[in-house]
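Structure first, commentary second.
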Amino acid sequence: MGTRETSGDDGIVLNFDCDSHKHKDKHKDREHRHKEHKKDKEKDREKSKHSNSEHKDSEKKHKEKEKTKHKDGSSEKHKDKHKDRDKEKRKEEKIRASGDAKIKKEKENGFSSPPLIKDEPEDDGYFAPPREDIKPLKRPRDEDDADYKPKKIKTEDTKKEKKRKLEEEEDGKLKKPKNKDKDKDKKVPEPDNKKKKLKKEEEQKWKWWEEERYPEGIKWKFLEHKGPVFAPPYEPLPENVKFYYDGKVMKLSPKAEEVATFFAKMLDHEYTTKEIFRKNFFKDWRKEMINEEKNIITNLSKCDFTQMSQYFKAQTEARKQMSKEEKLKIKEENEKLLKEYGFCIMDNHRERIANFKIEPPGLFRGRGNHPKMGMLKRRIMPEDIIINCSKDAKVPSPPPGHKWKEVRHDNKVTWLVSWTENIQGSIKYIMLNPSSRIKSSELGYSVSVFTPPSLSNPPLALGLLQGEKDWQKYETARRLKKCVDKIRNQYREDWKSKEMKVRQRAVALYFIDKLALRAGNEKEEGETADTVGCCSLRVEHINLHPELDGQEYVVEFDFLGKDSIRYYNKVPVEKRVFKNLQLFMENKQPEDDLFDRLNTGILNKHLQDLMEGLTAKVFRTYNASITLQQQLKELTAPDENIPAKILSYNRANRAVAILCNHQRAPPKTFEKSMMNLQSKIDAKKEQLADARRDLKSAKADAKVLKDAKTKKVVESKKKAVQRLEEQLMKLEVQATDREENKQIALGTSKLNYLDPRITVAWCKKWGVPIEKIYNKTQREKFAWAIDMADEDYEF
DNA sequence: ACTGGCACTTAGCAACAAAGGG
DNA sequence: CCCTTTGTTGCTAAGTGCCAGT
């Protein structure tokens, strides 16, 4: 580093030493990766040969999650494998669209067979009255939530509930206090319960809010659930479905057969042709074989799974052809399952669980060029499962003949069930559904969802566990808004720092701020696809152009980010940034870290000093939300009609999605549906022309006749024309919207980055019904915002 | 300081369900 | 009413960031 340091800086020299270690190590580690890299590059190069032009044209390519590199034309040494892979890749692109769906379908989607878990009877039992020794600590509420009335009802009441309610009434709902006292809680007598369910619901809801807010990392006081639903057991293939090895029929042992079916189900998928996939699969498959099989089956290419594959296709087909009754039956069964296992009781409130079904076994398919693709994702057994619930809750029973790995009572976490997954060794969790609030109760009478609460007061009382967190996230982003100027000035200053580390930090932060890049934690090599974020950018990921297309100091980014989605962008930057980048890149290999003295820990620590709660990802939230707000301001034309306004909204949303690089593969049927729409438009135009003609002649008649009747006709024709015009315009808007949205995914930003209050305010301001922007799930998730934001809300 | 583990958020795509057109 | 098209939900991988232990 010394060499690339600015001259004469001691600090730098010092740094250099340590750095060089780091550097070296990294370098070493990366060596072989680099090789892989090159291969990829080569592949990609070839692939993208025809149009190596930028962005637009190549977008399709990006889609496929493969790495596409432009630079580096050097490595030509790779052989056959590459070629194959290359081919595969191309194929994959295409096939992805066509083959995929089919195959997937056959996958067990769940529940043909009854869950292993045994259930317990009573519903009533669900609600375990809180023990006295457990007292809810409430967090202070600042507002009055009384307005919010849920509709659900259920279960018996508890004294606490009642009491709380009473208390509330007395106090006039405002209490903010952390815990008022639990003593108080005890006093109220309980009224009858069954009858007034409605009331009860309310109470419950209210109480729930209260109890949800605990201090100091406590997530709940009471938690009870039924445990997970396991994947249905493997059903052996019928005798007539044969597997062939080297042309000869072979009967597989059950385990080996099961794993073979996983592969067979994916046969149409391109990745079953990928070297890595096949290698990983075969290795894991062999582990499941009995010795005899191992001895015989030594070459995957000699395996013939086609009968299996056809069998599954037929099954899928059959499922599609099922009669209505059969389908209905299945549906009912699923609903029953949901009712039974899909909810838990958390602090007296019945909550929807997000993923109560354990992930079924299968072959792992990571995203992008994942080194572990094709590995066997093993079946999860009760013995792998850790159950989390409160001590006073009824512990779910494991399936007969089994036991849980562990039952714990950790109220500092939100998960109900966890297990360790075998591919990456990471922990998987069963948690609550983020959008879930009150859902219909098992009694069935509760009203569907959550009626938009009286818009009157309840300010933020509405946040539920997740909702509140969500809200907090946006509040943090708003705090950033207040000091972002200062921070920007500071990092600009830091570009001049004598310390390399500070400069790197400042430049990285600039990218994060300006381009909404992700932080870029380090990842273990060989464990995951090679993707990067800001701090983990490598020299090979950027190209510097002192001048490009008439602009000065352009940085060209090209790397794979989260989910192996390509980030490609050419950005003019300030001269100082540019010079710094040149400095950072001096004497480095392409595979070296661009910011070799920086990592997310260092960066976030610094951010924490600048503002409490500030981390790299807050910038994404902030920039996304502020962009939406600005764009809405800019794009909304007061006089436009609702569809046009919605288009404006979508455009603003799109601007954010582009900023955050939220892409999607163009829908498979995109071209077709576009054409359909166009023909609709044409038809509409014709209709309109006809109607206009009619109108004209009617007018002519009216001029002559002047009687009331003809006048009326004119009026009605006029209306018809108007109606058609509106319809046409709506269609045209739709076409524009769709076209512009071809490969942009709006959902992610809407759900995760945009302060919903901005949207709510905008809707209120322009009279756009909120349902036009948020669907039901979204409205549930953002209920707090819908409730609290008025049209003047400013992010 | 560094690392790995853990908890929780963010992500895109496929399956499924509902809506719309003939 | 059937079939296609579009919107919604489910699924689970892949990130972020904090924390404890060294």
Side-chain angles (χ1 to χ4, degrees), chain A residues 18 22 63 65 96-97 99-107 109-110 217 219 316 319-320 324 327 330-331 334 338 354-360 362 364-368 370 372-373 377 388 410 412-415 418 420-421 423-429 431-435 465-466 469-470 473 518-524 527-529 531-536 560-565 599-605 607-608 613-618 620-621 657 660-665 667-670 672-673 676-677 680 734 738 743 745 747-749 751-753 775-778:
Chain A
C18 334
K22 171 181 172 183
K63 257 24 222 339
K65 332 268 226 46
R96 232 204 218 210
D100 238 18
K102 276 184 225 163
I103 299 188
K104 274 287 178 78
K105 264 183 213 152
E106 341 221 343
K107 231 201 211 146
N109 26 347
K219 304 291 174 42
T316 308
R319 215 170 306 137
K320 255 194 286 189
K324 271 202 183 132
K327 282 184 182 163
I330 291 177
K331 198 175 166 190
N334 282 152
L338 174 68
N355 54 326
F356 58 94
K357 295 176 188 172
I358 299 274
E359 298 173 18
F364 176 81
R365 197 348 175 159
R367 302 188 186 159
H370 198 115
K372 300 196 170 183
M373 66 171 87
K377 198 166 104 165
N388 192 32
D410 181 355
K412 300 273 206 300
V413 298
T414 63
W415 53 267
S418 74
T420 301
E421 154 268 347
I423 304 290
Q424 314 283 355
S426 62
I427 306 174
K428 298 267 192 168
Y429 303 94
M431 292 182 182
L432 297 190
N433 183 338
S435 61
L465 207 52
Q466 335 307 103
K469 253 182 146 179
D470 213 36
K473 172 178 79 185
R518 295 187 184 81
N521 282 315
E522 254 117 294
K523 315 167 56 180
E524 228 180 305
E527 297 293 298
T528 62
T531 62
V532 298
C534 186
C535 294
S536 48
L560 296 184
K562 183 178 181 180
D563 292 325
S564 293
I565 296 290
N599 62 39
T600 53
I602 294 169
L603 178 64
N604 281 334
K605 192 141 170 284
L607 292 176
Q608 193 61 238
L614 186 61
T615 61
K617 92 188 188 80
V618 176
R620 251 168 101 79
T621 309
C660 293
N661 201 39
H662 292 140
Q663 301 188 35
R664 64 168 183 173
K668 306 170 199 188
T669 55
F670 185 84
K672 198 169 134 216
S673 86
N676 288 162
L677 192 54
K680 265 196 215 168
Q734 200 187 346
R738 193 181 298 174
Q743 40 198 159
T748 303
S749 49
L751 226 51
N752 300 306
Y753 290 102
N775 68 25
K776 194 176 93 174
T777 314
Q778 291 162 166

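Throughout, protein chains are lettered first and strands after them, A, B, ... in sequence-line order, and every chain is numbered starting at 1.
- One can place CZ of A:F364 at 18 Å from P of C:dC11, the figure rounded to the nearest angstrom.
- No donor-acceptor distance shorter than 3.5 angstrom exists from the side chain of A:K523 to the backbone of A:T528, with no hydrogens or angles considered.
- We find that NZ of A:K320 is positioned 10 Å from P of C:dT4, with the value rounded to whole Å.
- What separates CG of A:N433 from P of C:dG10 is a distance of 7 Å, to the nearest Å.
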Take A:Q743 and A:F670, measure what side chain to side chain contact (heavy atoms under 4.5 Å, CB included) needs, and give me the verdict at the end. CA-CA 10 Å; A:Q743 40 198 159; A:F670 185 84; over 6 Å; no

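- Scanning all heavy atoms of the two residues, the minimum distance from A:K473 to A:K617 falls at CD-NZ, 4.5 Å.
- Each of A:Q424 and A:L338 was assigned the nucleotide of DNA chain C with the nearest heavy atom; the assignment lying further toward the 5' end belongs to A:L338.
- The side chain of A:K357 places no N or O atom within less than 4.0 Å of a non-bridging phosphate oxygen (OP1 or OP2) of C:dG10.
- In this view, A:V618 and A:T476, A:A477, A:L480, A:L614, A:T615 satisfy the side-chain contact (heavy atoms from CB on, under 4.5 Å) rule, not counting sequence neighbours.
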Which atom pairs link the protein and nucleotides 4-8 of chain B when you take only N or O atoms and keep those under 3.5 Å?
residue	atom	partner	partner atom	Å
B:dA7	OP2	A:Y429	OH	2.7
B:dA7	O5'	A:Y429	OH	3.4
B:dC8	OP1	A:K219	NZ	2.9
B:dC8	OP2	A:T414	N	3.0
B:dC8	OP2	A:T414	OG1	2.9
B:dC8	O3'	A:K469	NZ	3.4

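- When each of A:S749 and A:K680 is assigned the nucleotide of DNA chain B with its nearest heavy atom, A:S749 is the one assigned upstream, toward the 5' end.
- Here the side chain of A:N521 pairs no donor or acceptor atom with the backbone of A:G533 at under 3.5 angstrom.
- Residue whose closest nucleotide on DNA chain B sits further toward the 5' end, between A:A745 and A:K605: A:K605.
- Minimum heavy-atom separation, A:A616 to A:A519: CB-CB, 3.7 Å.
- With rounding to the nearest 0.5 Å, the separation of CG in A:N752 from OG1 in A:T621 is 9.0 Å.
- Taking CG of A:L677 as the start and CD of A:Q734 as the end, the distance is 5.0 Å to the nearest 0.5 Å.
- Look at CZ on A:R367: it is 5 Å from C1' on B:dG12, rounded to the nearest Å.
- Closest non-hydrogen pair, A:A657 versus A:A745, comes out as CB-O, 3.5 Å.
- In this view, A:Q608 and A:E612 satisfy the side-chain contact (heavy atoms from CB on, under 4.5 Å) rule, not counting sequence neighbours.
- Distances shown here put a side-chain N or O of A:K377 below 4.0 Å from the OP1 or OP2 atom of C:dA13.
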List every contact pair, protein side and nucleotides 15-19 of chain C side both N or O, where the distance is under 3.5 Å.
residue	atom	partner	partner atom	Å
C:dG15	OP1	A:T531	OG1	2.7
C:dG15	OP1	A:D563	N	3.2
C:dG15	OP2	A:K523	NZ	3.0
C:dT16	OP1	A:A519	N	3.1
C:dT16	OP1	A:G520	N	2.7
C:dT16	OP2	A:N521	N	2.9
C:dT16	OP2	A:N521	ND2	3.2
C:dG17	OP1	A:T615	OG1	2.8
C:dG17	OP1	A:A616	N	3.3
C:dG17	OP1	A:K617	N	2.8
C:dG17	OP2	A:N604	ND2	3.0

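- Ring geometry for A:W415 against A:Y429 counts as tilted: the plane angle lies between 30° and 60°, on a 0 to 90° scale.
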Would you tabulate the pairs of protein nitrogen or oxygen atoms and nucleotide nitrogen or oxygen atoms of nucleotides 6-8 of chain C closer than 3.5 angstrom?
residue	atom	partner	partner atom	Å
C:dT6	OP1	A:R738	NH1	3.2
C:dT6	OP1	A:R738	NH2	3.2

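- For the OP1/OP2 pair of B:dT10 and a distance below 4.0 Å, the side-chain nitrogens and oxygens of A:K473 include at least one atom meeting the criterion.
- Contact annotation: A:H370 does not reach the phosphate of C:dA13 (side-chain N/O to OP1 or OP2, under 4.0 Å).
- With sequence neighbours excluded, the residues satisfying side-chain hydrogen bond (donor to acceptor under 3.5 Å, both in side chains) with A:N661 are A:Q663.
- In this entry the distance linking OH of A:Y753 with C1' of B:dA11 reads 9 Å, nearest Å.
- In this structure, A:I358 atom CD1 and C:dT12 atom C1' are separated by 13 Å, rounded to whole Å.
- In this structure, A:F356 places its CZ atom 12 Å from C1' of C:dT9, rounding to the nearest Å.
- Following rounding to the nearest Å, A:D470 (CG) and B:dT10 (C1') show an atom-to-atom distance of 11 Å.
- Distance from the side chain of A:K331 is smallest to B:dA18 among B:dA18, B:dG12, C:dT12.
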